[in-house]
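As the structure lists them, so they are numbered: ligands from 1, and atoms in each ligand from 1. Atoms considered below: every heavy atom in the structure, side chains included; atoms not considered: hydrogens, waters and symmetry mates.
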Amino acid sequence: MPKCSLKNRLLQLRLSTCVTTVLCLVAIINFFSFYGKYNYSHINPQDIPNQLYKEIASNIVLKKSKPDCEFENILKSTKTTDSWDAPKKNENFKANNIVNGSYVPEECNPMFSVAVIVTYRNRQKHLDVFLPYMHNFLRKQQLHYKIYLIEQEDKKPWNKGLLYNIGAKRAIAEKFPCLILHDVDLLPLDESNLYACLNNPRHMSASIDKFRYVLTYDYLVGGVLAITADQFVKVNGFSNRFEGWGGEDDDFYERLSAHGFNVVRFPPRMSRYTMLVHPQEPKNSRRHQIMAENLHTKSHDGYDSVHYQTVDERQQKLFTQLRVKL
Ligand SMILES: *[C@@H]1O[C@H](CO)[C@@H](O)[C@H](O)[C@H]1NC(C)=O
C-alpha cells in the first residue's frame with residue numbers, strides 16, 4: 001500500500017510541475033512576442049515640429065493682428081483621458097462657434113486646416129458620442145477643421161474605400177490640404193495627439209484599448225490615418241473594389257509604399273484610442289484575392305474613377321453630411 005501511494009504522489013507532483021512549466025513558458029513567449037509591438041518604431045517627439053505639414057485652406061482669411069495658434073504646448077501635453085471615462089463626458093456639450101461641422105479658432109491664426117472624414121452607416125449611438133467628443137478634443141487644439149460624414153444610403157455591401165474617395169473629393173473641393181480618415185468608433189485619449197498631417201502619411205490610432213494598446217501589425221493603416229490631400233491624389237486614393245469588411249486599408253498601404261511613402265507614427269503614449277463596442281461587419285471573403293489582383297495588375301482604379309449618386313447633402317450643426325448611393 002505505501003508503495004502505491006508514493007507512486008501516486010510522485011505522479012501528482014510531476015503533473016503539477018508540468019502544468020506550471022507549460023504556463024510559465026506560455027507567459028514568457030507571450031511577453032516576448034508582444035514586447036516589440038508595444039514599442040513600435042515611431043518618430044522621436046523632438047522631431048515632430050519639423051515634420052509637420054503646416055498648410056491652411058486657401059479660403060481662410062488670416063489677420064495680422066492675431067498671433068499664430070500654439071501647437072508645441074499641445075505636443076508636450078501629458079493630459080490623457082481614461083478609456084472608461086471617455087465616452088461619458090459629453091452631457092454638457094456646448095457647440096460654440098461650430099458651423100456646418102466646421103470650426104475656426106477666434107483668438108489666433110490657425111496653423112493647420114484639417115478635414116476629418118468619417119464613413120458611416122447605421123451607427124447612430126456611436127455618432128452621438130463621437131461628435132461632441134471630437135469637437136471638444138479638436139477645438140482645444142486650435143485647428144481649423146471640418147467634420148464630414150459620408151453615409152452609404154443603399155443596402156449594398158459596405159464599401160469604405162469608395163466612401164473615403166467621395167469624402168476626399170468633397171474636402172479637397174473645399175480646399176483642405178490635410179485629410180484625416182477616421183473610424184466613427186475611435187476616440188483619441190491623449191491631448192498631445194495633434195490632429196495634423198506630417199510630411200509622410202501618419203497612422204494615428206496605433207495604440208487601441210481593445211487590442212491591449214498593442215499595434216497589431218506594422219503595415220496597419222486602418223482606424224485613423226492622416227494624409228495630405230496631395231498624397232491622397234497621388235496614390236489615386238482607395239481602390240473602389242473592396243465590398244464588405246476589410247482589405248481596402250491593406251491595399252491602401254500597398255499604394256502608399258508603391259509611391260515611396262513611409263507610414264510614420266507618434267509614440268504610443270501620444271497615440272492611445274478607445275474603441276466603442278459594436279458588432280463585427282460581415283467580412284469580405286474575396287478581400288485577399290482582390291488585393292492580389294490589384295497588386296498584380298497595378299490596378300489604377302481609385303479616386304479618379306469613383307462612381308456614385310448623391311442622395312442629398314445636409315449642413316448639420318456638428319457635421320456636413322453627404323448621403324450617397326453606390
Ligand atoms: C453653412 O452651410 C450653409 C448651407 O449650405 C451655407 O449657406 C453657409 O454659408 C455655410 N456656412 C459656413 C460658415 O460654411
Side-chain angles (χ1 to χ4, degrees), residues 53-71 74 90 92-121 123-124 126-154 162-182 184 188 194-197 224 226-230 232-233 237 303 306-326:
Y53 183 69
K54 291 192 203 108
E55 281 287 326
I56 53 162
S58 54
N59 49 6
I60 287 288
V61 185
L62 300 180
K63 294 224 172 80
K64 280 218 175 98
S65 57
K66 292 182 188 175
D68 288 347
C69 294
E70 271 277 345
F71 61 86
I74 294 164
N90 309 314
N92 304 316
F93 180 72
K94 291 193 186 69
N96 297 351
N97 301 328
I98 300 170
V99 185
N100 303 341
S102 178
Y103 173 80
V104 185
E106 286 203 311
E107 311 293 323
C108 55
N109 288 320
M111 306 300 286
F112 309 96
S113 288
V114 175
V116 176
I117 302 175
V118 180
T119 58
Y120 180 82
R121 182 159 75 179
R123 291 275 187 87
Q124 190 63 47
H126 288 173
L127 197 61
D128 293 344
V129 173
F130 179 84
L131 289 168
Y133 186 91
M134 289 310 293
H135 280 296
N136 281 341
F137 187 91
L138 294 171
R139 277 183 297 185
K140 266 190 221 158
Q141 298 197 340
Q142 298 191 304
L143 320 162
H144 162 227
Y145 69 85
K146 182 165 183 171
I147 297 181
Y148 293 90
L149 195 77
I150 316 300
E151 188 168 352
Q152 186 175 337
E153 265 295 290
D154 55 36
L162 202 160
L163 295 173
Y164 272 144
N165 286 339
I166 298 172
K169 207 150 257 190
R170 186 55 215 274
I172 290 170
E174 292 192 352
K175 317 229 183 277
F176 278 96
C178 168
L179 315 176
I180 296 191
L181 315 178
H182 211 301
V184 72
L194 185 68
Y195 267 55
C197 283
V224 185
I227 182 167
T228 71
D230 290 346
F232 191 91
V233 172
Y303 182 69
V306 58
H307 286 291
Y308 65 101
Q309 187 192 333
T310 304
V311 178
D312 69 14
E313 188 178 321
R314 296 182 197 169
Q315 303 294 340
Q316 312 272 15
K317 177 95 179 151
L318 299 188
F319 57 104
T320 285
Q321 180 182 31
L322 218 66
R323 296 163 67 223
V324 296
K325 283 187 174 167
L326 310 186

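Of the protein's non-hydrogen atoms, Asn100 ND2, 3.3 Å is the one closest to atom 12 (C) of ligand 1. For atom 13 (C) of ligand 1, the nearest non-hydrogen atom of the protein is Val99 CG1, 3.8 Å.
Side-chain contact annotation: Tyr195 with His182, donor-acceptor N/O pair under 3.5 Å present. Counted by atom type alone, Glu70 and Gln142 present zero donor-acceptor pairs between their side chains at under 3.5 Å.
For Tyr53 and Phe112, the distance between ring centers is not under 6.0 angstrom. Between Phe319 and Tyr148, the ring centre distance reaches or exceeds 6.0 Å.
Considering only non-hydrogen atoms, atom 5 (O) of ligand 1 lies nearest to Gln315 out of Lys317, Gln316, Arg314, Gln315.
For atom 7 (O) of ligand 1, no protein heavy-atom neighbour is found at a distance under 4.0 Å.
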